[in-house]
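Reading through the structure tokens given below for one structure.
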Amino acid sequence: MPTFADRLIRWQLEAGRHHLPWQGNQDPYAIWIAEIMLQQTQVTTVIPYYQRFMRAFPDIATLASAAPDDVLALWSGLGYYARGRNLHQAARLLVSEHGGVFPASASAIEQLPGIGRSTAAAIAAFAFGERCAILDGNVKRILVRYFGVYSHPAGKAVEARLWQMAEKLLPVNNQEKAMATYTQAFMDLGALVCTRSRPKCEYCPLQQECVAFTHGSTDQLPVPKPQKTRPEKNIIHLLLVKDSKIFLEKRPSPGIWGGLWCFPEIPFDSSSDNSHSANLASCNTPFFEFPCIIHTFTHFRLNIYPRLIHVGCNNAFEEKDNQCWVTVSAAMKLAIPAPIRKVLLTVSNVLGSSVNVASINEKNE
DNA sequence: CACCCGTGGAA
DNA sequence: TTTCCAAGGGT
């Protein structure tokens with residue numbers, strides 16, 4: 001009777017993924033970069049970012065010596081920018097305190113910023129074959145179904161139980177690459193077979209012993225977490241244009257889009273008596289309103305009202321450390337949030353077609 | 001423990 | 001259209 005690990009490993013060898021860009025080597029640095037990018041992010045999204053990043057920063061020393069802005073620029077659009085900031089900080093820490101050598105145990109790896117227990121275990125298993133358990137979304141979903149855990153996986157007690165299960169199921173043999181194959185098997189089974197909706201149980205090596213399959217309750221597991229109402233925020237983005245350059249400022253870190261370049265913003269309350277148009281009522285400068293951009297985060301919804309304004313030479317917006325005037329094409333190469341990239345494309349079209357901003361504004365009034 | 005932190009794709 | 005959430009970690 002093959003063990004749980006045996007089934008998983010055998011399945012992985014014949015049905016798992018073997019040609020992802022970060023596979024095929026045991027370089028802990030390459031594996032580290034991939035694992036960080038893959039946190040809460042789908043494989044297809046990560047691949048082009050990973051390839052660009054590895055081309056620019058092929059090793060620890062290169063990453064450590066890079067400018068923070070250059071690291072974030074390659075992270076631009078990927079989201080969760082603290083990952084990029086922590087990655088860079090960790091690389092510098094490795095150079096200054098570890099002789100530029102990546103630590104070779106999960107417990108040591110976990111000490112690095114941005115690396116928790118699961119990510120540390122994944123790197124250790126892939127790069128060094130260490131016998132340690134991961135517990136990512138895939139593993140949780142598989143275990144919860146396999147053992148029939150009808151509780152919220154987010155709870156602390158349930159989480160602890162899942163860690164215990166994951167460790168108990170680890171392969172006992174010490175075969176070469178067993179841990180790498182086993183760990184990849186968990187991820188691949190979760191991504192390809194034991195999916196959240198419509199799992200392909202007919203292809204699952206764990207089908208016979210799976211509680212959820214036996215009960216016919218795969219569509220009820222994992223138990224979804226209670227939904228929270230998402231608040232709504234409204235802001236005006238000032239697109240200040242002078243001599244075909246646009247004004248950007250670097251956002252404070254921590255915070256949303258921390259360390260990224262963005263337009264000056266004016267928050268306003270849509271429920272108040274004043275519409276957002278009244279916010280600049282005292283300003284006589286003509287402006288051009290762009291269509292509202294709705295950007296949805298995990299925890300709130302952001303409505304952006306871009307407002308383009310041509311400014312003269314004598315104005316208050318002079319460059320400081322965290323501010324700059326740049327061309328649109330230059331701005332596109334900076335670390336900017338995804339929705340800002342969309343706005344910049346629109347700006348490029350407007351400026352490029354030499355639209356009379358003042359007349360458009362009058363038309364709007 | 002609760003909340004924060006992005007984005008795009010699937011259903 | 002809205003909703004959900006994917007190779008989580010930090011505070």
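So you know, we letter chains A, B, ... as the sequences are listed, proteins then strands, and number each from 1. The shown structure was predicted, so the numbers you read here are calculated from the model rather than taken from an experiment. Note that these values count all heavy atoms, side chains included, but never hydrogens, waters or copies made by symmetry.
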Using only heavy-atom distances, determine whether the side chains of A/S105 and A/E130 contain a donor-acceptor pair under 3.5 Å.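 Note: A/S105 and A/E130 side chains miss the donor-acceptor criterion.
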C/dA7 and B/dC4: how far apart are their P atoms, nearest whole angstrom?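 Each nucleotide's P atom is 24 Å from the other's.
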From [options], nucleotide with atom closest to [X] side chain:
X      : options              : result
A/P337 : B/dT7, B/dC4, C/dG8  : B/dT7
A/Q42  : B/dG8, C/dA7, C/dG9  : B/dG8
A/Q40  : B/dT7, B/dC5, C/dG8  : C/dG8
A/M187 : C/dG9, B/dG8, C/dA7  : C/dA7
A/V43  : C/dA7, B/dT7, B/dG6  : C/dA7
A/T119 : C/dG8, B/dG6, B/dA11 : C/dG8
A/H299 : B/dC5, B/dG6, C/dG9  : B/dC5
A/E35  : C/dC5, B/dG6, C/dA7  : C/dA7

Could you check whether [X] gets within reach of a base, just the sugar-phosphate, or nothing at all, counting any heavy atom under 4.0 Å?
X      : answer
A/Y81  : sugar-phosphate
A/G190 : nothing
A/R196 : sugar-phosphate
A/L87  : nothing
A/T296 : base
A/P254 : nothing
A/A338 : sugar-phosphate

Just say parallel, tilted or perpendicular for the rings of A/F4 and A/Y146, cut-offs at 30° and 60°.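 A/F4 and A/Y146: perpendicular rings.
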Grab the CG-P distance between A/L112 and C/dG8 for me, whole Å please.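 For the pair A/L112 CG and C/dG8 P, the rounded distance is 18 Å.
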What is the distance, to the nearest angstrom, from the CZ atom on A/R141 to the C1' atom on C/dC5?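 It is 10 Å, rounded to the nearest whole Å.
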Counting only side-chain N and O atoms of A/W257, is one of them less than 4.0 Å from OP1 or OP2 of B/dT7?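 So the side chain of A/W257 is within the cut-off, an N or O lying under 4.0 Å from OP1 or OP2 of B/dT7.
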Residue met sooner reading DNA chain C from 5', once A/G114 and A/Q23 are mapped to nucleotides: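 Closer to the 5' end of DNA chain C: A/Q23.
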Side-chain ion pair, A/E97 and A/R92, N-O less than 4.0 Å: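 Judged by the 4.0 Å cut-off on N to carboxylate O distance, A/E97 and A/R92 do not form a salt bridge.
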